[in-house]
Amino acid sequence: MPAHPELDPATVAGTVLERNTLMLQRLTKAKALHDRGESAYANDFAPTHTAVQALQWFQAEPTHLAPFVALEVGKPLDPERLPPTGAPIVQTARVKMAGRAMAINVKGKVAFVRVQDRTAAQVPALRKAENLLRVACGLPEREADTPTFQFYFSRDDDPETFDRLFKPSPDAAWEGPLCDVGDIIGGEGLWFRTRTGEQSLWLKPFDGRPALRVLTKSVRPLPDKFHGLADKETRLRQRYVDLVMNPEVREIFRKRSQVLAGVRRFLDERGYIEVETPMMHALLGGAAARPFRTHHNALDMPLYLRIAPELHLKRLVVGGIERVYEINRNFRNEGLSQRHNPEFTMLEFYRAYATFFDLMDEVETLIAQLAQEVCGTTEVVWGSDKQGAPRQISLAAPFARVRIKDGLVQWGGIAADQVGDEGVLRRRAAELGVHIDAHAPLGKVQVELFEAVAERHLIQPTFVWEYPAETSPLARRNDADPSVVDRFELFVGGIEISNAFSELNDPQDQYLRFEHQLSQRAKGDEETMDLDEDYVRALEYGMPPAAGCGIGIDRLVMLLTGAEAIREVILFPHMRPEATTPEVAASDS
RNA sequence: GCCCCUUUAGCUCAGCUGGUAGAGCAGCGGACUCUUAAUCCGUAGGUCGAGUGUUCGAGCCACUCAGGGGGCACCA
């Protein structure tokens with residue numbers, strides 16, 4: 001066996017890898033395992049069952065609900081080893097289970113180890129389900145919150161392994177307790193239920209194999225098992241620790257995965273094709289936002305990380321992909337908040353021969369269906385009202401539909417015949433302390449005032465529509481009123497989830513609107529689009545009438561998981577770089 | 001970019017009006033053959049985010065910087 005590799009403490013001093021006393025102890029234990037010829041990083045153990053599978057087995061048979069003693073299938077009863085409890089004996093099969101040791105409780109010559117595996121997040125629900133059964137059978141309810149499964153290890157069954165892993169022995173260096181909380185362990189044995197009723201794996205040495213093995217030595221101690229990981233910074237910077245300590249966080253990301261799968265299934269079934277368009281753009285377009293800039297060395301040209309995929313997707317509609325979608329990241333160089341991350345995941349889909357009204361129907365169907373799939377209901381709880389009471393949101397279709405102008409009247413205190421009077425709107429904004437840029441055109445004034453007065457009322461899902469043309473350079477004008485465009489935004493819980501419109505496919509109008517953007521930029525607007533001549537050329541070939549929609553996936557996942565901050569639904573949210581030493585921090589400035 | 005709060009042992013947190021560092025858990029040693037935040041006894045563990053200043057004396061006061069949180073601005 002090759003020598004156990006060891007880092008020179010001097011090379012890691014002053015870095016995050018610097019060793020404290022606890023880590024040095026564990027590193028010594030890892031070396032002790034190695035010196036015994038057992039790898040501290042073994043990969044030759046294949047578990048046969050998960051915690052959830054184990055609990056399902058216990059639940060399946062009424063005789064497994066009360067304490068019982070295990071006897072291996074096919075083995076004769078050993079009268080010498082009968083349990084003193086008088087508990088019934090059940091024949092069970094050999095099982096191998098593995099996971100992370102989350103608590104070790106050595107009590108004399110028995111040890112209990114709580115193990116957490118990949119199914120941890122589903123374990124409490126299963127325990128609760130069992131409690132219903134127990135009540136029906138007249139048995140007492142059991143604690144259901146723990147996400148772990150228990151290993152039971154009696155010294156009598158394998159004294160050598162027991163002592164090595166759990167018993168101190170001052171004679172030899174680290175022949176003592178080699179197993180720590182945090183280690184990845186694998187155990188083999190029989191399922192049984194302890195005298196106190198806990199579902200457990202009774203560890204046994206089969207065919208000369210040790211009953212329990214340390215598969216991966218954890219040399220860095222986990223947070224306090226009772227208080228857990230409370231520090232928000234560590235939770236987000238070291239998401240791996242967060243996921244270990246908080247299985248419910250894993251559940252959020254399992255649901256996120258379900259949302260993405262559900263969206264794809266929904267669109268695929270309707271004949272949409274998923275595509276991937278460039279993330280690096282030479283021109284800025286598709287949304288109004290400040291970009292991240294980068295540089296291509298070989299071509300010596302500036303590039304932007306995309307702020308939206310819209311213009312590329314509509315080129316594909318021109319090319320005949322009449323139903324098309326993309327789920328991917330957008331990048332916007334803006335502040336961080338509870339609702340904003342610089343990179344976020346956006347679904348955009350485009351459908352030829354459809355209007356924005358058709359997309360309202362499609363979006364409400366999609367969201368209601370996702371809620372049903374992911375939450376099992378369309379009635380979700382998200383955020384809280386002013387009194388702090390949880391807010392009920394119904395995602396059942398159909399959703400409410402409100403015009404911008406109606407909102408100004410209903411919530412803004414504007415008379416119905418004055419919603420087009422810029423002076424009135426600006427005075428009202430000033431009264432409310434809402435800042436609106438002095439150069440903003442009427443349409444922008446209407447939208448800004450609307451958002452200031454109405455958004456907080458849009459708790460239940462609401463499509464807001466009849467947006468003014470000035471703020472929507474890519475949307476189709478309304479046939480009856482050319483001052484507005486056929487566009488909606490969907491608000492839920494007071495935040496914007498979706499933005500959609502009937503697409504502008506008149507190349508002349510599109511060119512003029514791009515030119516208008518350039519004139520706005522000349523006036524100092526920092527969030528204008530570039531004039532994309534190739535996109536206008538594409539429209540000149542003819543884009544079928546179409547409507548397109550964008551949905552913020554992160555925010556949708558927030559709604560469906562109850563998360564109130566976008567960081568909770570992004571595995572690695574953007575943070576400042578970690579300053580490990582004062583020197584590093586100083587050299588950055 | 002602005003304002004407020006925050007940073008103490010591996011983790012969670014105390015620390016009074018400025019007087020020289022505390023607890024629980026984890027660790028290490030001991031007892032314990034059905035525990036589940038096990039219990040009991042013993043023991044060890046600290047550059048109080050970094051720096052400067054005030055002071056006889058700073059975890060505590062002042063200033064600067066950094067990280068984190070919240071809010072504002074920005075984000076159609």
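Reminder, nothing fancy here: chain letters follow the sequence lines and each chain counts from 1.
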Exercise for review: Could you check whether Gln150(A) gets within reach of a base, just the sugar-phosphate, or nothing at all, counting any heavy atom under 4.0 Å?
Suggested key: base

Practice item. Determine, using ring centers only, whether Phe162(A) and Phe153(A) are less than 6.0 Å apart. Key: yes

Point to revise | Under 3.5 Å donor-acceptor pair, Asp231(A) side-chain atoms to rU12(B) base atoms | key: no

Exercise for review: Step through it carefully: locate the ring centre of Phe112(A), locate the ring centre of Tyr152(A), and say whether they are under 6.0 Å apart.
Suggested key: yes

**Study point:** Gln238(A) CD to rG10(B) P, straight-line distance once rounded to whole Å
**Key:** 13 Å

Review point. Does rG67(B) have OP1 or OP2 sitting under 4.0 Å from an N or O in the side chain of Arg237(A)?
Key: no

Check your understanding: Tell me: CE of Met575(A) to C1' of rG68(B), nearest whole Å?
Key -> 7 Å

Exercise for review: Give a yes/no answer on whether the side chain of Lys232(A) brings an N or O atom under 4.0 Å of OP1 or OP2 in rC5(B).
Suggested key: no

Exercise for review: Check if the side chain of Thr194(A) and the base of rU36(B) share a donor-acceptor pair of N or O atoms closer than 3.5 Å.
Suggested key: no

Review point. Cationic tip of Arg487(A) within the cone over Tyr467(A)'s six-membered ring, i.e. under 6.0 Å and within 45° of the normal?
Key: yes

Review point. With a non-hydrogen cut-off below 4.0 angstrom, is Lys444(A) in contact with a base, only sugar-phosphate, or nothing?
Key: nothing

Exercise for review: State yes or no: are the ring centers of Phe463(A) and Phe491(A) separated by less than 6.0 Å?
Suggested key: no

Review point. Is a donor-acceptor pair below 3.5 Å formed from side chain Arg114(A) to base rU36(B), judging by atom type as modelled?
Key: yes

Practice item. Please work out if Gly228(A) contacts a base, only the sugar-phosphate, or nothing of the nucleic acid, heavy-atom cut-off 4.0 Å. Key: sugar-phosphate

Review point. Is Lys225(A) near enough to rG10(B) that one of its side-chain N or O atoms lies under 4.0 angstrom from OP1 or OP2?
Key: no

Check your understanding: Within the structure, does a side-chain N or O atom of Arg235(A) lie under 4.0 Å from either OP1 or OP2 of rC11(B)?
Key -> no

**Study point:** Per-nucleotide protein contact string for nucleotides 40-46 of chain B (B base, S sugar-phosphate only, - none; heavy atom under 4.0 Å)
**Key:** -------

